[in-house]
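Remarks on the structure that follows.
It should be emphasised that the depicted structure is a prediction, and the values quoted were computed from it without experimental measurement. We're numbering straight along the sequence, starting at 1.
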Amino acid sequence: MSQSPALPPGSPPPPSGPPGPGRPEDAELRRSVLDLIGPVRKMREELERLRGRVARQEERIARQDEQLDLMRQALQRVRQDTTTEKDAAHHETAAWYTDVRRRIDDLAGSAARAAYGDRAAAERHEAHARITTALCRLAFAAQPSSPADWRRAAEGVTGDPDALPDVGRAWQEVSALRFRIGRLGGVHRWDFEVPAGRPYDPEAYDLWHKSDPGLPVSHAVAPAYQVAGRAVHVRAWVHTARG
């Protein structure tokens, strides 16, 4: 019987049997890895579904944003059209106002001639300006006036209760104009404020037809017509006089 050769001192002993399939812990590790593959695959599939849902949601949001942009543009156009329509309407009423103030001035001129016909032209013109001013302050006051109010105002200047001719038509025009402007909406104002004593500025005011442009501003014979947030539609009609 042969004996195995002796091993050098300190060498590990040889294996006692043939090599096996592996250590138990290796098999356990493989089973753990296999157990994880299924859940990981499911998590990956769920993640892909979530990514697809997010992408579809982003597309839906993008389409809604486009629709909102179109709606904003349409609303802006409507607002611009509405503003343009209102501006055009106020321009029409501004032209109407200049006609009305001229009609009032004609009435005042008749009253001045009736009461001051035998006096100097300068005195008659001054009375004319005062009557026009009194009538316009009534016509464009915060509260409506009556034809009787107009007659009393003219009498206050002339001293003659019959100097002012029939005001019915002019009074009706003023009433219709005030109603029309009220229907247009927006805040409007009749501005009588002018810087008395300053030189007349043709860029800022309209000169009353019997005033001297070389004299300083006295007062507004008829008010400026302005809508809040817009440029003045009709400038104030100013009278000039010696200080």
Side-chain angles (χ1 to χ4, degrees), residues 87-117 121-158 160 162-184 188-194 196 200-215 217-227 230-241:
D87 284 342
H90 278 294
H91 281 300
E92 291 177 1
T93 55
W96 189 2
Y97 165 56
T98 58
D99 289 339
V100 168
R101 78 178 184 183
R102 185 168 51 250
R103 188 184 302 277
I104 292 174
D105 186 66
D106 289 341
L107 289 172
S110 296
R113 287 190 299 273
Y116 290 80
E123 190 174 355
R124 188 170 62 252
H125 293 168
E126 188 64 26
H128 184 172
R130 290 172 59 197
I131 298 169
T132 300
T133 303
L135 295 181
C136 284
R137 284 190 175 274
L138 281 172
F140 304 108
Q143 298 299 324
S145 57
S146 68
D149 295 327
W150 289 27
R151 286 191 292 271
R152 282 191 294 269
E155 181 183 0
V157 176
T158 65
D160 182 354
D162 299 321
L164 191 67
D166 181 37
V167 301
R169 183 176 178 185
W171 181 84
Q172 290 174 357
E173 286 281 343
V174 169
S175 300
L177 175 63
R178 290 171 62 107
F179 178 77
R180 170 62 173 162
I181 292 173
R183 288 288 300 272
L184 292 179
H188 72 280
R189 63 190 298 240
W190 304 104
D191 189 3
F192 281 91
E193 299 299 323
V194 297
Y200 164 66
D201 181 1
E203 297 296 324
Y205 307 105
D206 294 336
L207 184 66
W208 185 62
H209 55 96
K210 293 184 179 179
S211 292
D212 184 346
L215 296 178
V217 171
S218 171
H219 64 278
V221 173
Y225 169 46
Q226 182 176 18
V227 178
R230 301 288 188 272
V232 174
H233 285 83
V234 180
R235 298 180 296 188
W237 209 11
V238 298
H239 178 43
T240 62

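Summarising the geometry, atom NE2 belonging to His188 is positioned 7.0 Å from atom CZ belonging to Arg178; distances are rounded to the nearest 0.5 Å. Note that the CG atom of Leu164 and the CH2 atom of Trp150 stand 8.5 Å from one another [nearest 0.5 Å]. Note that OG1 of Thr93 is 7.0 Å distant from CZ of Arg180, once rounded to the nearest 0.5 Å. Between the OH atom in Tyr116 and the CD atom in Glu126 there is a gap of 10.0 Å [rounded to 0.5 Å]. Atom CZ of Arg130 is separated from atom NE2 of His125 by 15.0 Å, given to the nearest 0.5 angstrom. Distance check, rounded to the nearest 0.5 Å: CG of Asp149 to CZ of Arg137 gives 15.5 Å.
Using modelled atom types, one side-chain atom of Ser145 and one backbone atom of Leu138 make a donor-acceptor pair closer than 3.5 Å. Using modelled atom types, no side-chain atom of Thr240 and backbone atom of Ser211 make a donor-acceptor pair closer than 3.5 Å.
In this structure, Ala111 and Thr158 approach most closely via the heavy-atom pair O-CG2, 4.2 Å. Nearest heavy-atom pair across Leu135 and Ala153 is CD2-CB, 4.4 Å. Annotation for Val221 and Cys136: closest pair O-CB, 3.5 Å, computed over non-hydrogen atoms. Nearest heavy-atom pair across Ala220 and Thr133 is O-CG2, 3.7 Å. Residues Ile131 and Ala112 come closest through the heavy atom pair CD1-N, 3.9 Å.
When side chains are defined from C-beta on, Thr98 does not count as touching Asp206, because their heavy atoms never get closer than 4.5 Å. Put simply, the side chain of Val227 does not reach to within 4.5 Å of the side chain of Leu184, judged on heavy atoms. Looking at heavy atoms from C-beta onward, Pro165 lies in side-chain contact with Leu107 at the 4.5 angstrom threshold. Using a 4.5 Å heavy-atom cutoff, the side chains of Leu177 and Glu173 are not in contact. Residues Trp171 and Ser175 form a side-chain contact, since some pair of their non-hydrogen atoms from C-beta on lies under 4.5 Å apart.
With hydrogens and angles left out, the side-chain atoms of Thr132 and Asp105 include a donor and acceptor closer than 3.5 Å.
In this structure, His128 has its ring center closer than 6.0 angstrom to the ring center of Trp208. Taking the centre of each ring, Tyr225 and Trp190 come in below the 6.0 Å mark.
Judged by a 6.0 Å distance limit and a 45° cone about the ring axis, Arg101 is positioned over the six-membered ring of Trp237.
Counting non-hydrogen atoms of other residues, nucleotides and ligands closer than 6.0 Å to CD of Glu193 gives a total of 12 or fewer.
For His219, the ring pair (Phe, Tyr, Trp, His ring centres under 6.0 Å) partners two or more places apart in sequence, or in a different chain, are His239.
A salt bridge links Asp99 with Arg102: at least one charged nitrogen is closer than 4.0 Å to a carboxylate oxygen.
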